[in-house]
Amino acid sequence: MGHRGLMAEKMRALQYTTVGKAPEIVELDRPTPGPGEVLLKITAAGVCHSDEFVMSLPEDVFTTMGWRTPMTLGHEGAGTVAELGQGVTEFSVGDSVAVYGPWGCGVCDYCVVGKEMLCPHAAAMGIQAPGLGAPGAMADYMIVDAARHLVPLGDLDPVASVSLTDAGLTPYHAIKRSLHKLTPGKVAVCIGAGGLGHMAIQILRAISPVTVVALDLSEQKRELAREVGAHHTFMSDASAVEKVRALTNGVGVAAVFDFVGNDITAGMAGQMVAPEAEISLVGVGGGSLAVGFGIGPWDVAVRSPYWGSRPELIEVFELARAGKISVEHEVFALSDGAKAYERLHEGTLRGRAVLVP
Ligand code: NAD
Ligand code: ZN
């Protein structure tokens, strides 16, 4: 039928087209990989709370962050290699891969050790993460800018593993930073047992000997937390601080991983830690926690981690391959993407929502 190349092949994409409106399916030309790029036929794309955050921003803030509509969503992506750009030799057509999302310049001192999420040059160079500026994985096809941003999946099921690229990697990175504090007898707290939180619980159980406590507002999420390995769960309210402290004879916990990150949860984190504890504010709830002489226990560190490194993503996939962690997920068709975001907003998802083209 016709002459190939005369008319571009079409594909579907879930795009955020108008600030303040729900994302919608649009038809686009299927992209062609340029030199060094790889075209993936998408097998799965994860739905993250960060997308909802991005889509909740007023237009001026959205624009100041460097984003423009229309924006193809999907920063958790997996696919099979469909076409190799000129010079790409690391992969073959048909390979099953996952996408490392926080793209950096590739050559600075952060990027060369794989910490591309910290690249201080990416923004100025116009480099954006797929789904967060660059066209993302919620489409039939996507372009990956470099082979180094792909991780072979091998036998892992792409639908079950795609969310390891963010919901797995982000808590893994935060936990690895504090791992030296997570010694036998210590207690770690996860605030929020959603997509990231339910993975954090499993990662803590897999790589540390600590007692794991999960806090959530929802009984269903607390139940999920227990099912995936939390030793204790509490309603995330004013009484939680004392209940958590009681588990440590009043001393406080060694680490808090806050997957909500508003002023209330950050404040709770500050009140439940022991001296020398580490607090990671992972959630983008806009909260902060003061550090200074006489504020809280001595020598507490507060940090705001972002995503994770390439080596850490490989480690996360190894944990999954070993059967030590797995993503609870609900599957939606790509065309039902807007519905998946509604369910995320309602807070009724169990684990992660994954879109399948
Ligand atoms: P999610 O919606 O799947 O999970 C959030 C969970 O928090 C839900 O279970 C909800 O019931 C619970 N919750 C809400 N308010 C709470 C409170 N006051 N106390 C305790 N629990 C509460 O979201 P997600 O996709 O897991 O993302 C979690 C957060 O992490 C979001 O803010 C997201 O934007 C952010 N995030 C940050 C990074 C990063 O690199 N820093 C990466 C990915 C996601
Ligand atoms: Zn995310």
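Worth knowing before you read on, the calculation uses all heavy atoms, side chains too, and leaves out hydrogens, waters and symmetry mates. The model shown is predicted, which means the values in this text are computed figures rather than measured ones. One-based numbering, in listed order, for ligands and for the atoms of each.
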Work out whether the distance between some heavy atom of [X] and some atom of ligand 1 is less than 4.0 Å.
X: Ala193; result: yes
X: Arg352; result: yes
X: Pro305; result: yes
X: Thr170; result: yes

Run the numbers for me: atoms of ligand 1, each under 4.0 Å from some heavy atom of [X], listed by number.
X: Gly195; value: 1 (P), 3 (O), 4 (O), 26 (O)
X: Ser236; value: 17 (C), 19 (N), 20 (C)
X: Trp307; value: 39 (C), 40 (O)
X: Gly283; value: 29 (C), 30 (O), 32 (O), 35 (C)
X: Asp166; value: 42 (C), 43 (C)
X: Tyr306; value: 40 (O)
X: Ser50; value: 33 (C), 34 (O), 35 (C), 36 (N), 43 (C), 44 (C)
X: Thr265; value: 17 (C), 18 (N), 19 (N)

Salt bridge between [X] and [Y], side-chain N to carboxylate O under 4.0 Å?
X: Arg30; Y: Glu83; value: yes
X: Glu116; Y: Arg148; value: yes
X: Glu315; Y: Arg321; value: no

[X] and ligand 1 - part of the residue with a heavy-atom distance under 4.0 Å:
X: Phe53; result: neither
X: Met117; result: neither
X: Leu344; result: side chain
X: Lys221; result: side chain
X: Ile264; result: neither

Nearest to [atom] by heavy atom, [options]: which?
atom: atom 32 (O) of ligand 1; options: Asn262, Leu215, Val284, Thr348; answer: Val284
atom: atom 27 (O) of ligand 1; options: His49, Gln220, Met268; answer: His49
atom: atom 15 (N) of ligand 1; options: Asp216, Leu169, Leu217; answer: Leu217

- prompt: Does anything in residues 236-295 pair up under ring pair (Phe, Tyr, Trp, His ring centres under 6.0 Å), and if so which pairs, sequence neighbours excluded?
  reply: Phe293-Trp298
message: Applying the side-chain contact (heavy atoms from CB on, under 4.5 Å) criterion to Val187, which one of Val212, Val253, Val251, Val210 satisfies it?
response: Val253
message: Among Leu150, Ile314, Leu169, exactly one meets side-chain contact (heavy atoms from CB on, under 4.5 Å) together with Tyr100. Which residue is that?
response: Leu169
task: May I ask you to check whether His173 and Trp307 place their ring centers less than 6.0 Å from one another?
output: no
task: Run the ring-centre check on Tyr16 versus Phe62 and record whether the distance is less than 6.0 Å.
output: yes
message: Regarding Ser280 and Arg303, do their side chains bring together a donor and an acceptor under 3.5 Å, going by distance alone?
response: no
- prompt: Counting only heavy atoms not in Asn249, do more than 12 sit closer than 6.0 Å to its CG atom?
  reply: no
- prompt: Just wondering, more than 12 heavy atoms not from Glu227 lying within 6.0 Å of its CD?
  reply: yes
query: salt bridge (Lys or Arg N to Asp or Glu O under 4.0 Å) with Glu278: which of Lys181, Lys176, Lys186?
result: Lys181
message: Pairs of nitrogen or oxygen atoms closer than 3.5 Å, one from Gly351 and one from ligand 1: do any exist?
response: no
field: Exam field: side chain Asp140 to backbone Arg12, donor-acceptor pair closer than 3.5 Å
entry: yes
